[in-house]
Enquirer: 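Next up is a structure, given as structure tokens.
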Amino acid sequence: MTNREVAKTLDYIADILQIKDDNPFKVKAYRQAANSIYHLDEDIHYLYDKGRLGDIHGVGQAIQSKIEELVEKGSCEYYENLLEEVPRGVLDMLSIPGIGHKTVKIVYEKLGVRNLEELLHAAQEHRVRTLPGMGGKNEYAIIKGIEMLKQNSDKNTLGIVLPMAEKLLAYLMGCDQVKNASLAGSIRRGKPLVSDIDILVAAEDESGVRSKVTNYREVKQVANSEVGHIEGTLEFDIPFEVIIVSIAEYYPALLWTTGSREHLKHLLNGRDRDFIKDCGNESEVYERFHLDYIPPELREDKGEIEAATQGSLPQLIDLGDIQGDLHVHSTWSDGASKIKEMAEMARSLNYSYLAITDHSRSLPISGGLNEERLKSQGEEIDQINGLGEDIKILKGTEVDILKDGSLDFGSEVLRDLDIVVGSIHSHFKLDKEKQTERVVRAIKDEDVDIIGHLSGRLLNRRPAYELDFDQILEEAAKNRVILEINSHPDRLDIDADLARRARDYDIKIAINSDAHHKNDLKLIKYGILNARRGWLEKKDIINTWTLDEINAYIR
DNA sequence: GCCGTTTTCGGCCCGACTGTTTTCAGTCG
């Protein structure tokens, strides 16, 4: 079992306990342990071997014994017994927006509904509204919610799939039989939602590669597939396909397998595939078409071929260009790491600045700061900066944009801060006009530097709220307000298309991690992919600049 | 079920909104 699978299992245990109405602190304990394991730097098997499972924060005697069983046998008795009481299909219902553990409990117990499909029928047959506390609107929300889940069910976020793909790729690269290998398909193009993992391999000994894949620890199953293809599934039932070609065929095949279909069709323009059959690398492939090399993230037939013809492709931003992060949380609000730990991680990433932007007071569950605590936090930051480390910690806030577009702190508080990120965390369902008005008011506020996760979308979970983006882009440009690309793989907000439109308005972008744990600072790589898909260059991204340049821009 | 720079036992656990109601339970950030 991988770290993520162990974490997921502990989360399922917490869900079942919650549905069973068990001690809420016990539930919390399982969730805390799951979260720690999710963020672990080391492989859980390694910690198990070293006898260090107990060192993990939130893991005591009881949970440790369950983890040991999971690592040894791939399952544990306690969990299996809980599943006898509450089956897996019941837990899937928790993904429906507006449906929580209490609702799941009564539909399971009173209606005997055991999975999403049965729940859908129950709602359609108006059986849900017969339950206490349930009515027509709940039924409608259930039907809509299940429809949304079905639409997304064949795709997963890059945050789940990319680490698995990179691990499998590294494993394959380490095999003697494999002469070259690369990610391919939509995952190589950095699409935020992908349906499977495609990996292209150059090898002469196909059966050797096949046996290596079959022996890979994280492979769940391998199907009987045709020559040149190995198909199967990894953890969480993510499908993968390893495509095997000869060394001579590798680079042309890399083009075909990376796609997209639209890009290839436009590129070939009726020509035969043999046109590029002997190319020795991808640049050579494009050269043959008299084009500049087109990076995978741009291969969507959105003008890249025209630009490559004219030599006007953008110089895309790279991870190494990033000089700092302007939106992270700490233990002062809902973050899991201390400011110092965040700073250390930022230093290890070679950043020269890091803005601590904890939540403001209106978000009590997240431990939002009032003026007084914000001031104390500022003192701690002064102290850390006084240590003379080669990184500057900036004082900031992620200030709530309230329902009417006013801010959760007054100007007397905000003007003393280095960075102010304004974000929406409530009233997602305002109509388009009201929601737009709300954001525009925040943009016009001279204390706001950055608008965080503008559209509020959560991939596979929640659609963006209603906004008039033309109006917002116009106002952002006029007021020199920076828009964020939130790098969390569930958000990637603003998306690539909107980022590209923002660039046309000469709006600057901040690629932020929104980290709630020191390890989450590394999520910035997803934001980079998103920015590359939005054709963004270094000059567009404010946190590729020095601190002086940023200050000159936002003052 | 976990944890401890007040504690090895007693804490952990906020508040607005929604949809169902008729005074409130459930969800969510």
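Hydrogens, waters and symmetry mates are skipped; everything else that's a heavy atom, side chains included, is used. Since the model is a prediction, treat every value here as computed from it, not as a measurement.
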Enquirer: Are OP1 or OP2 of B/dG29 and a side-chain N or O of A/Arg462 less than 4.0 angstrom apart?
Expert: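 Answer is yes, contact under 4.0 Å.
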
Enquirer: When you measure from the side chain of A/Thr103, which nucleotide among B/dG1, B/dC13, B/dT27 comes out closest?
Expert: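 So the nucleotide nearest the side chain must be B/dT27.
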
Enquirer: With under 30° as parallel and over 60° as perpendicular, where do the rings of A/His359 and A/His516 fit, or are they tilted in between?
Expert: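 Because their plane-to-plane angle lies in the 30° to 60° range, the rings of A/His359 and A/His516 count as tilted.
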
Enquirer: Measure from CZ on A/Phe428 to P on B/dC17 and round the result to the nearest Å.
Expert: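 Distance, rounded to whole Å: 12 Å.
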
Enquirer: For B/dG1 and A/Lys66 - does any side-chain N or O of the residue sit under 4.0 Å from the phosphate oxygens OP1/OP2?
Expert: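 For B/dG1, OP1/OP2 do have a side-chain N/O of A/Lys66 under 4.0 Å.
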
Enquirer: Rounded to whole Å, how long is the line connecting atom CG of A/Asp408 with atom C1' of B/dG15?
Expert: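 The answer, rounded to whole Å, is 13 Å.
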
Enquirer: Under 4.0 Å between any heavy atoms, over every strand shown, what does A/Ser426 touch: base, sugar-phosphate, or nothing? Just pick one.
Expert: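 The answer is nothing, as A/Ser426 stays clear of every strand by at least 4.0 Å.
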
Enquirer: Can you see if the side chain of A/Lys28 gets near the phosphate of B/dC13 - specifically, an N or O under 4.0 Å from OP1 or OP2?
Expert: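 Checking B/dC13 against A/Lys28, a side-chain N or O does come within under 4.0 Å of OP1 or OP2.
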
Enquirer: Classify the nucleic acid contact of A/Arg31 as base, sugar-phosphate or nothing, counting any heavy atom under 4.0 Å across all strands shown.
Expert: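 Counting heavy atoms under 4.0 Å across all strands, no contact is made by A/Arg31.
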
Enquirer: Heavy atoms from C-beta onward define the side chain here; which of B/dG1, B/dT20, B/dG26 lies closest to that of A/Asn138?
Expert: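 Per side-chain heavy atoms of A/Asn138, the pick is B/dT20.
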
Enquirer: Would you confirm whether the ring centroid of A/His329 sits within less than 6.0 angstrom of the ring centroid of A/His327?
Expert: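 Centroid distance A/His327-A/His329: below 6.0 Å, so yes.
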
Enquirer: Crowded around A/Glu446 CD? As in, over 12 foreign heavy atoms under 6.0 Å?
Expert: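 Result for CD/A/Glu446: open.
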
Enquirer: NA contact type, A/Gly456, heavy-atom cut-off 4.0 Å: base, sugar-phosphate, or nothing?
Expert: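 Since no nucleic acid heavy atom lies under 4.0 Å of A/Gly456, the category is nothing.
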
Enquirer: Roughly, in whole Å, what's the span from CD in A/Glu380 to P in B/dT5?
Expert: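 In whole Å, B/dT5 P lies 16 Å from A/Glu380 CD.
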
Enquirer: In this structure, are over 12 heavy atoms from other groups packed under 6.0 Å from A/Lys338 atom NZ?
Expert: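 No, not enclosed.
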
Enquirer: I'd like the P distance from B/dC28 over to B/dT22, given in whole Å.
Expert: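 Going atom to atom, P in each nucleotide, I get 23 Å.
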
Enquirer: Whole angstrom is fine here: how far is it from CD in A/Gln18 over to P in B/dC13?
Expert: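 Distance, rounded to whole Å: 15 Å.
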
Enquirer: Using the P atom as the reference point in each nucleotide, state the distance between B/dC13 and B/dC3 in Å, no decimals.
Expert: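 Per the computed distance, 14 Å lies between those P atoms.
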
Enquirer: Can you see whether A/Tyr353 has A/Lys392 sitting over its ring - NZ or CZ less than 6.0 Å from the centre and within 45° of the normal?
Expert: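 No.
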
Enquirer: If you only use heavy atoms from C-beta on, which nucleotide in B/dC12, B/dC2, B/dG19 is closest to the side chain of A/Ala29?
Expert: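 Selected nucleotide (nearest to the side chain): B/dC2.
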
Enquirer: Please state the C1' separation for the pair B/dA16 and B/dC12 - nearest whole angstrom.
Expert: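 One C1' to the other, the span is 22 Å.
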
Enquirer: Does atom NZ of A/Lys220 have more than 12 heavy-atom neighbours from other groups under 6.0 Å away?
Expert: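 Atom NZ in A/Lys220 is crowded, with more than 12 foreign heavy atoms closer than 6.0 Å.
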
Enquirer: Quantified in whole Å, what is the P atom distance between nucleotide B/dC14 and nucleotide B/dT7?
Expert: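 Straight-line distance between the two P atoms is 23 Å.
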
Enquirer: Considering every strand and a 4.0 Å limit on heavy-atom distances, what is the contact class for A/Gln32: base, sugar-phosphate, or nothing?
Expert: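 No contact.
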
Enquirer: Rounded off to whole Å, could you give me the CG-to-P distance for the A/Leu94 and B/dT27 pair?
Expert: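 A/Leu94 atom CG is separated from B/dT27 atom P by 9 Å.
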
Enquirer: Atom CD1 of A/Ile106 and atom C1' of B/dA25: how far apart are they, to the nearest Å?
Expert: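 A/Ile106 atom CD1 is separated from B/dA25 atom C1' by 10 Å.
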
Enquirer: Take the angle between the ring planes of A/Tyr79 and A/Tyr12 and call it parallel below 30°, perpendicular above 60°, tilted in between.
Expert: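 Answer is parallel, since the angle falls under 30°.
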
Enquirer: Want to settle it: does A/Gly135 or A/Ile99 sit nearer the 5' end of DNA chain B, counting the closest nucleotide to each?
Expert: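 Its nearest nucleotide being more 5', the pick is A/Gly135.
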
Enquirer: Using whole Å, what does the distance between atom C1' of nucleotide B/dG19 and atom CZ of A/Arg129 come to?
Expert: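 Computing the A/Arg129:CZ to B/dG19:C1' distance gives 13 Å.
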
Enquirer: NA contact type, A/Val59, heavy-atom cut-off 4.0 Å: base, sugar-phosphate, or nothing?
Expert: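 If one applies the 4.0 Å heavy-atom cut-off, A/Val59 turns out to touch the sugar-phosphate alone, with no base involved.
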
Enquirer: When rounded to the nearest Å, what value does the distance between P atoms of B/dC9 and B/dG15 take?
Expert: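 Each nucleotide's P atom is 31 Å from the other's.
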
Enquirer: Taking OP1 and OP2 of B/dG19, is either one under 4.0 Å from a side-chain nitrogen or oxygen of A/Lys137?
Expert: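 It does, given that an N or O in the side chain of A/Lys137 lies less than 4.0 Å from OP1 or OP2 of B/dG19.
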
Enquirer: Ignoring the backbone of A/Phe25, work out which of B/dC12, B/dT20, B/dG29 is nearest its side chain.
Expert: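 When the side chain of A/Phe25 is considered, B/dC12 is the closest of B/dC12, B/dT20, B/dG29.
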
Enquirer: Using atom CE of A/Met134 as one end and atom C1' of B/dG26 as the other, report the distance to the nearest whole Å.
Expert: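 Roughly 10 Å, once rounded to whole Å.
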
Enquirer: Does A/His359 reach a base, just sugar-phosphate, or nothing at all? Heavy atoms under 4.0 Å.
Expert: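 Answer is nothing: A/His359 stays at 4.0 Å or more from every strand.
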
Enquirer: When you match A/Ile56 and A/Leu458 each to their closest nucleotide on DNA chain B, which lands nearer the 5' end?
Expert: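 Nearest-nucleotide comparison on DNA chain B picks A/Ile56.
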
Enquirer: Is the shortest side-chain N/O distance from A/His57 to OP1 or OP2 of B/dC2 below 4.0 Å?
Expert: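 Answer is no, no contact under 4.0 Å.
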
